[in-house]
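To start, the structure itself, in structure tokens.
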Amino acid sequence: MLLLSIQFLSAQAPKKGQTQAQAPKKINIEHSDFLDVDQVLVPDGVLLTGNVKVNHDGVVLTCNKAYYFQKENYLKAFGNVQLVQGDTLFLNSRYAEYSGNVKKAFATGNAVMTSPDATLQTDTINFDRNVQEVFYNTKGTIINKDNTLVSNSGRYYVTQKKFQFLTAVTITNPKYVIKSNHLDYYSNSGHTYLFGPSTITSKANYIYTEKGFYDTKKNLAHFLRRSYIKYDDRLIEGDSLYYNRNIEFASATRNVKITDSINRGLVKGHYAEIYKLKDSMFVTKRAVAINLVENDSLYIHGKKLLVTGKEGERILRAFNNVRFYKIDMSGKCDSIHSDSKTALTKLIGKPILWNGESQITGDVMHLIGDNTTRKLDSLKVLNNTFLISKDTLGTGYNQVKGLNLFGKFRDGKLHDVDVIKNTEVIYFMRNDDNELVGINKNVSSKINMILENNAVENITFFNRVDGDMYPEDELPENARKLRGFVWRGNERITSKDDIFTAEDNELNEKLIKEGKEEEEKNKMAPMEVRKETLDYDKKKPAAKTAPQPKKK
């Protein structure tokens with residue numbers, strides 16, 4: 001064994017104008033079994049053979065054979081090459097070159113870089129020690145515990161333990177696959193930052209984002225810019241999406257849209273929470289549910305919307321000042337409970353319904369559908385039923401009052417209506433020429449009305465107890481309204497936009513404006529991750545109990 005001393009390969013003198021401190025350090029040969037000077041094979045260099053070991057400014061390189069060029073402070077290494085920097089980076093290959101002057105290494109031939117958190121395998125690896133960066137432009141595979149990353153090129157920042165990929169990259173995990181053209185991956189924390197069109201595919205769902213964050217260790221994510229989560233039966237969109245894969249929970253903020261592809265429904269708002277495993281969804285901030293009913297859209301708005309249950313058994317609940325609208329029907333109430341299995345929709349708390357030009361009120365109101373035809377079938381109003389409509393040509397009001405109302409729909413419109421028990425009527429009778437014949441005012445036990453195009457075509461009284469037809473001039477104005485009459489035509493909802501209050505619209509404009517400003521501000525800004533995403537598993541420290549005085 002031949003041991004070479006430092007004196008044999010002495011350091012170069014600094015160049016003119018260069019201080020000793022600035023001069024590059026010389027490569028130090030610690031060991032080689034044999035040393036030979038062969039000007040033919042290694043011009044102006046030294047041939048080192050067998051168990052070669054050199055070091056340079058904190059890096060140790062070992063190999064089977066090396067050419068050392070003292071003048072250039074340069075080394076070419078062959079066979080079982082390993083470059084080691086501290087205990088954080090190991091670079092193995094069949095061949096390598098190292099420059100002591102510029103502190104750069106080049107390794108090729110089954111090149112493998114290993115750090116405590118990841119292993120990179122590729123054909124060629126470059127290492128710049130000055131900036132502590134490793135980069136490669138050949139197809140590489142990175143293995144990090146449960147994740148395998150494959151890319152055509154990449155860069156590794158040693159200090160930050162960060163991989164950056166600017167070409168096609170794929171992360172394969174037992175639970176999902178991530179694909180992107182720009183991805184930053186921190187090997188120690190498992191944090192992944194996605195930029196540009198990126199996808200995350202799993203058995204549970206499909207995620208698309210153009211700016212996102214994914215914690216591959218905690219399975220938590222935060223997505224921005226044109227992002228959505230797609231399940232088999234549901235599509236979730238929003239300006240900002242938070243996702244927890246462990247419990248299949250997602251929340252969405254601003255411009256939220258949740259599409260139910262099976263039930264042909266849509267829910268919108270500016271904040272939503274979706275619990276996939278529990279089949280539940282909560283939406284607020286100008287929330288609206290839109291469902292297709294008889295080729296028409298039914299809009300339901302409340303301060304809060306809650307949807308629960310599996311497909312075919314879903315229940316929609318709307319709370320606080322609920323308003324709804326479809327072309328020929330609208331209404332208001334305190335809350336709504338709609339069950340898709342029974343096709344029963346309950347209007348709860350001071351319900352009012354406008355069917356065409358008719359205003360209907362009562363204590364309890366139910367709309368019943370037909371799950372086979374997906375059409376409205378019937379209407380039930382219980383206790384204090386009151387039906388009012390304006391006389392078509394005059395200034396009076398047609399009124400029907402009773403205990404309960406039972407109505408049947410035809411093609412989405414009320415057609416056959418029965419009002420029963422203690423019924424009272426004021427009705428303006430007109431002939432075929434729309435001339436007023438008289439005002440019918442009577443009391444009976446039951447009334448049946450046949451409606452065409454939301455107007456009374458025929459009216460039948462059963463067991464009439466009292467009443468008569470009055471000429472217009474014989475029935476005074478104060479007798480033309482039944483007790484409890486309240487016309488609320490100014491409250492009638494006549495379009496889908498009317499379901500929202502001024503406060504709702506003000507909030508909507510504010511949030512949309514904030515969203516546009518934030519989008520513009522963050523276009524080129526780094527990804528800012530929600531605090532709850534990063535601190536999800538951090539527990540608050542238990543409160544310390546003050547020491548108690550000892551009993552004497």
Side-chain angles (χ1 to χ4, degrees), residues 288-291 293-302 318 320-338 345-369 375-402 404-419 425-428 447 449-457 459 481-482 484-502 504:
V288 58
I290 307 168
N291 292 291
V293 180
E294 303 174 37
N295 298 318
D296 183 18
S297 294
L298 170 64
Y299 297 81
I300 301 175
H301 163 65
N320 297 22
N321 193 19
V322 175
R323 297 161 174 247
F324 59 92
Y325 169 82
K326 63 190 292 285
I327 288 176
D328 46 24
M329 181 182 293
S330 61
K332 301 197 301 185
C333 56
D334 290 340
S335 62
I336 278 181
H337 183 286
S338 184
T345 298
K346 300 177 181 178
L347 311 183
I348 303 166
K350 302 174 184 176
I352 180 170
L353 183 73
W354 288 278
N355 180 69
E357 300 295 326
S358 298
Q359 171 186 299
I360 304 171
T361 55
D363 292 349
V364 176
M365 199 174 291
H366 294 172
L367 288 164
I368 301 104
K375 293 182 177 181
L376 274 174
D377 178 76
S378 53
L379 168 68
K380 184 188 294 184
V381 182
L382 305 178
N383 302 329
N384 298 314
T385 297
F386 212 130
L387 191 153
I388 306 171
S389 65
K390 275 189 172 183
D391 178 32
T392 52
L393 297 176
T395 58
Y397 295 89
N398 297 314
Q399 303 156 59
V400 179
K401 181 181 177 182
N404 301 325
L405 178 150
F406 301 96
K408 295 290 287 184
F409 288 90
R410 179 186 289 180
D411 298 325
K413 297 178 181 178
L414 265 180
H415 180 264
D416 195 326
V417 177
D418 287 323
V419 181
V425 172
I426 292 178
Y427 192 77
F428 289 73
I447 297 169
M449 292 181 289
I450 303 298
L451 291 78
E452 293 291 344
N453 297 319
N454 296 319
V456 176
E457 182 76 14
I459 184 166
K481 292 180 181 177
L482 299 174
F485 173 93
V486 179
W487 175 246
R488 297 164 62 183
N490 62 327
E491 299 178 37
R492 183 182 168 194
I493 299 166
T494 58
S495 73
K496 63 181 182 180
D497 297 322
D498 283 351
I499 62 175
F500 301 110
T501 64
D504 292 325

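All values reported here derive from a predicted model rather than from experimental measurement.
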Next item on the list: Go through the steps for Phe406 and Thr385 under the test side-chain contact (heavy atoms from CB on, under 4.5 Å), then give the verdict.
Entry: CA-CA 10 Å; Phe406 301 96; Thr385 297; over 6 Å; no

Next item on the list: Taking all heavy atoms of Ala318 and all of Ile300, pick out the closest pair and write down the distance.
Entry: CB-CG2, 4.1 Å

Checklist line | Reported OH-to-CD1 distance for the pair Tyr427 and Ile447, which is rounded to 0.5 angstrom | finding: 11.5 Å

Check: For Asn321, what residues pass the side chain to side chain contact (heavy atoms under 4.5 Å, CB included) criterion, not counting sequence neighbours?
Finding: Arg323, Thr501

Margin query: Nearest 0.5 angstrom please: Ile348 CD1 to Cys333 SG, how far?
Written below: 7.5 Å

Margin query: Quick check: closest heavy atoms across Arg492 and Gly356, and the distance to 0.1 Å?
Written below: NH2-O, 2.9 Å

Checklist line | Lys408: partners by salt bridge (Lys or Arg N to Asp or Glu O under 4.0 Å), with sequence neighbours left out | finding: Asp377

Next item on the list: Ignoring hydrogens and angles, tell me if any N or O in the side chain of Asn404 forms a donor-acceptor pair with the backbone of Asn383 under 3.5 Å.
Entry: yes

Next item on the list: Mind checking side chain to side chain contact (heavy atoms under 4.5 Å, CB included) for Lys496 and listing every partner two or more places apart, or none if nothing turns up?
Entry: Tyr299, Tyr325

Checklist line | By side chain to side chain contact (heavy atoms under 4.5 Å, CB included) - contacts of Leu393 (at least two apart) | finding: Arg430, Asn434

Next item on the list: Could you tell me the separation between the OG atom of Ser358 and the CG atom of Leu353, rounded to the nearest 0.5 Å?
Entry: 9.5 Å

Next item on the list: Output the distance between atom CG (Leu405) and atom CG (Leu387), rounded to the nearest 0.5 Å.
Entry: 6.5 Å

Checklist line | Sidechain N-carboxylate O distance under 4.0 Å for Lys332, Glu491 | finding: yes

Note to self: Quick one, Leu367 with Leu376, criterion side-chain contact (heavy atoms from CB on, under 4.5 Å). Give me CA distance, side-chain angles, the key distance, then yes/no.
What the structure shows: CA-CA 7 Å; Leu367 288 164; Leu376 274 174; 4.2 Å; yes

Checklist line | side-chain contact (heavy atoms from CB on, under 4.5 Å) between Val419 and Val425, intermediate numbers included | finding: CA-CA 10 Å; Val419 181; Val425 172; over 6 Å; no

Notebook entry, point to check: Do the side chain of Gln359 and the main chain of Arg488 share a donor and acceptor less than 3.5 angstrom apart?
Noted result: yes

Check: Could you give the distance from NE2 (His301) to CD1 (Ile493), rounded to the nearest 0.5 Å?
Finding: 9.5 Å

Next item on the list: Using a 4.5 Å cut-off on heavy atoms from C-beta on, say whether the side chain of Met365 contacts that of Lys380.
Entry: no

Notebook entry, point to check: About how many Å separate OG of Ser378 and CG of Leu414, when rounded to the nearest 0.5 Å?
Noted result: 9.5 Å

Item checked: Any Phe409 side-chain heavy atom under 4.5 Å of Leu379 side chain -> yes

Notebook entry, point to check: Checking side-chain contact (heavy atoms from CB on, under 4.5 Å) against Ile426, which of Ile388, Val400, Leu482, Asp391 comes through?
Noted result: Leu482

Item checked: Closest approach of Trp487 to Glu357 (non-hydrogen atoms, all atoms of both residues) -> CH2-O, 4.0 Å

Notebook entry, point to check: Between Leu382 and Asp363, is any pair of side-chain heavy atoms under 4.5 Å apart?
Noted result: no

Margin query: For a side-chain contact (heavy atoms from CB on, under 4.5 Å) check, start with the C-alpha distance between Val417 and Leu451, then their side-chain angles and the critical distance, and finish with the verdict.
Written below: CA-CA 8 Å; Val417 177; Leu451 291 78; 3.8 Å; yes

Checklist line | Set of ring-ring contact (aromatic ring centres under 6.0 Å, His included) partners for Phe485, sequence neighbours left out | finding: Tyr397

Note to self: So, using side chain to side chain contact (heavy atoms under 4.5 Å, CB included) as the criterion, who are the partners of His415 when residues are at least two apart?
What the structure shows: Arg410, Ile450, Glu452

